[in-house]
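Every number for a ligand or one of its atoms is a count from 1 in the order of the listing. Side chains are part of it too, since the values below use all heavy atoms of this structure and drop only hydrogens, waters and symmetry mates.
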Amino acid sequence: MRRAVCPGSFDPVTNGHVDVITRAATLYDELVVAVLVNPGKAGLFSVDERMELLREAVADLPNVRVDSFEGLLVDYCRGHDIPVIVKGLRAVSDFEYELQMAQMNRELAAVETLFVPTAPQVGHLSSSLVKQVAKFGGDVSRLVPKAVDERLRERALREAGS
Ligand code: PNS
């Protein structure tokens, strides 16, 4: 079985992530979307919320499942018999750091990285920009899955009321 992992913070999942996941899912028998548990960084959404939003976003992709991991990604790969990491590349600015990580992961555990260029329509998207826009009441409904948009609106309203 050809298996790959698509790792990230996903705080929250955007249409850019969904684009990469959807296309990577056509290349593998099973694609695991793995949310990083980072005890040093709280984030806007809890890991459980991020996973719930991801599950909803990939519900129509039968060979994609959502999981979480803590520590080194290569240890997760080794423990789950996953030989390939899939990463989206939005622009040249992503490439330098992504290349370093890919080389490090290969050195650590011979895990390969496959880069998927994002669709141009979503090349400007990042979770942090989406959060910033949503926080100040901007419309992000075309940039994120519906459930994420709803959750961001709830948060913005709650913050405005507090
Ligand atoms: O969505 P992000 O925040 O860009 O994802 C980054 C992520 C989670 C893929 C990266 O930080 C990672 O792999 N973290 C796990 C720790 C690790 O393995 N670090 C060494 C990378 S060479």
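- The 12-atom threshold is exceeded at CZ of Arg2, counting heavy atoms of other residues, nucleotides or ligands nearer than 6.0 Å.
- Those atoms of ligand 1 with a heavy atom of Lys87 less than 4.0 angstrom away are 9 (C).
- For atom 17 (C) of ligand 1, the nearest protein heavy atom lies under 4.0 Å away.
- Atom 3 (O) of ligand 1 has its closest protein heavy atom at Ser9 OG, 2.6 Å.
- Residue contacts with ligand 1: Ser127 is excluded, as none of its non-hydrogen atoms falls under 4.0 Å.
- Atoms of ligand 1 lying under 4.0 Å from at least one heavy atom of Leu73, given by number and element, are 13 (O), 17 (C), 18 (O).
- Linking ILVMFWY side-chain heavy atoms closer than 4.5 Å, directly or via other members, places Leu129 and Val122 in two distinct hydrophobic clusters.
- Leu152 and Val47 fall within a single hydrophobic cluster, where Ile, Leu, Val, Met, Phe, Trp and Tyr side chains are chained together by heavy-atom contacts under 4.5 Å.
- No single ILVMFWY cluster, assembled from side-chain heavy atoms under 4.5 Å apart, contains both Ile82 and Leu31.
- Scanning all protein heavy atoms for the shortest distance to atom 20 (C) of ligand 1 gives Leu72 CD2, 4.0 Å.
- Taking a cutoff of 4.0 Å between a charged side-chain nitrogen and a carboxylate oxygen, Glu98 and Arg90 do not qualify as a salt bridge.
- The closest approach between Gln100 and ligand 1 stays at or above 4.0 Å for every heavy atom of the residue.
- Of all protein heavy atoms, the one lying nearest to atom 15 (C) of ligand 1 is Gly71 O, 3.5 Å.
- The residues Lys146 and Asp149 are annotated as not salt-bridged, no charged nitrogen and carboxylate oxygen being separated by less than 4.0 angstrom.
- The side chain of Leu36, and not its backbone, has at least one atom closer than 4.0 Å to an atom of ligand 1 (non-hydrogen atoms only; side chain from C-beta on).
- Of the protein's heavy atoms, Phe69 CZ, 4.6 Å lies nearest to atom 12 (C) of ligand 1.
- The single protein non-hydrogen atom nearest to atom 6 (C) of ligand 1 is Gly8 CA, 4.6 Å, given as residue, atom name and distance.
- Atom 9 (C) of ligand 1 is approached by the protein to below 4.0 angstrom, counting heavy atoms only.
- Taking every non-hydrogen atom of Met104 and a distance limit under 4.0 Å, the qualifying atoms of ligand 1 come out as 22 (S).
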